[in-house]
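Heads up: the structure comes next, in structure tokens.
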Amino acid sequence: MTRPAQLRLNFDLRPALGGEDFLVAPNNCDAVAWLDRWPDWPSPVLTIYGPPGCGKSHLMQVFLAAGGVTKIGASELGTTEPHALLADARACAIDGVEAVLAAGRERELLHLYNVAAETGRKLLLTAHTAPVTWPLSIADLRSRMGAGVAVEIGAPDDPLVAAVLVKLFADRQLRVDGGVVTFLLSRMERSFDAARRMVAAIDEAAMAERRNITVPLVRKVLASVQPP
């Protein structure tokens, strides 16, 4: 596979679920370092926050793949006691704490935190913003979240998005020229979600038209999936 020579694509890889790998880069290396310290976190809770599409959920999959971690959602938090949710797990993870808050589960989240702290377990949360900005009405929860570790993942830069594109094409066993990646990179949204959508759409178009993946094909796909 040809790679664009002007882009640095030599990122570290971490295995994740679903046959994917997580690319360790400057925008997420602090979050990765904190996960590597688990379970030796100075607080019961670690919050990883950043804009949509920056890789928070993918990084959580890396954490889940390590084993001993249970993932819970807003509905489970509202219907199941924390002891039962945690069971034998050493940690639990909530991907998108905004859903928990929107569902009015502040008290349940506080209860989960307290049980985890009392039993030596840890909580991993993801969010769009830092905990100090969350609209929490319960003072104890606001204090506990604010005292926890919070680390930001920034938006991916061009080299990282290019590396993701190269890898996504390779995962589908697709051969692409470096010029295709460069062309696509300069015209698409800078997020991992957008990269996945674009590669899937390009793959579908190439199969439907029985064409190789070229700049003209990519231009056509871009015109069909993105507003002018």
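Please read all numbers here as calculations on a predicted model, not as lab measurements. Index from 1, following the sequence.
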From Arg107 CZ over to Leu77 CG, what is the distance, rounded to the nearest 0.5 angstrom?
12.5 Å
Would you list the pairs meeting side chain to side chain donor-acceptor pair (under 3.5 Å) in which at least one residue belongs to residues 75-91, sequence neighbours left out?
none
Salt bridge (charged side-chain N to carboxylate O under 4.0 Å, His left out) contacts in which one or both residues fall within residues 110-139, not counting sequence neighbours
none
With a 4.5 Å cut-off on side-chain heavy-atom distances among I, L, V, M, F, W and Y, is there a chain of contacts connecting Val69 to Leu125?
no
Thr182 side chain to Gly178 backbone, donor-acceptor under 3.5 Å
yes
Roughly how far, to the nearest 0.5 Å, is the CG atom of Leu35 from the CZ atom of Arg37?
11.5 Å
Do any pairs count as a salt bridge (charged side-chain N to carboxylate O under 4.0 Å, His left out) and have a residue in residues 212-221, sequence neighbours left out, and if so which ones?
Glu209-Lys220
Check the angle between the aromatic planes of Trp41 and Phe63 and answer parallel, tilted or perpendicular using the 30° and 60° thresholds.
parallel
Donor-acceptor list for residues 49-57 side chains, cut-off 3.5 Å, not counting sequence neighbours:
{"from": "Lys56", "atom 1": "NZ", "to": "Gly50", "atom 2": "O", "distance (Å)": "2.9"}
{"from": "Lys56", "atom 1": "NZ", "to": "Pro51", "atom 2": "O", "distance (Å)": "3.1"}
{"from": "Ser57", "atom 1": "OG", "to": "Asp95", "atom 2": "OD1", "distance (Å)": "3.2"}
{"from": "Ser57", "atom 1": "OG", "to": "Asp95", "atom 2": "OD2", "distance (Å)": "2.7"}

When rounded to the nearest 0.5 Å, the distance separating CE of Met207 from CD1 of Ile202 is 12.0 Å
Taking only residues two or more places apart in sequence, or in another chain, which ones meet Thr129 in a side chain to side chain donor-acceptor pair (under 3.5 Å)?
Thr133
Are the side chain of Asp157 and the backbone of Leu160 linked by a donor-acceptor contact shorter than 3.5 Å?
yes
Could you check whether any side-chain heavy atom of Leu123 comes within less than 4.5 Å of a side-chain heavy atom of Pro44, counting everything from C-beta outward?
no
Under the salt bridge (Lys or Arg N to Asp or Glu O under 4.0 Å) rule, collect the residues that match up with Asp203, sequence neighbours excluded.
Arg172
One pair to check against side-chain hydrogen bond (donor to acceptor under 3.5 Å, both in side chains): Arg144 and Asn114. What are the steps and the verdict?
CA-CA 9 Å; Arg144 286 162 173 74; Asn114 289 339; 3.0 Å; yes
Output yes when a side-chain donor or acceptor of Trp38 lies under 3.5 Å from a complementary backbone atom of Trp34, and no otherwise.
no
Using 4.0 Å as the upper bound for N to carboxylate O, is an ion pair formed by Arg196 and Asp193?
yes
I'd like to know if the side chain of Glu189 and the backbone of Ala194 have a donor-acceptor N/O pair within less than 3.5 Å.
no
So does Asp171 pair up with Lys167, basic N to acidic O under 4.0 Å?
yes
Okay, side chain of Thr126, backbone of Gly96: is any donor-acceptor separation there less than 3.5 Å?
yes
Does the Asn212 side chain pair with the main chain of Thr214, one donor and one acceptor, at a distance under 3.5 Å?
no
Under 3.5 Å, is there a donor-acceptor pair between the side chain of Glu106 and the main chain of Leu136?
no
Under a 3.5 Å distance rule, please check whether Arg175 uses its side chain to pair with a backbone N or O of Phe169 as donor and acceptor.
no
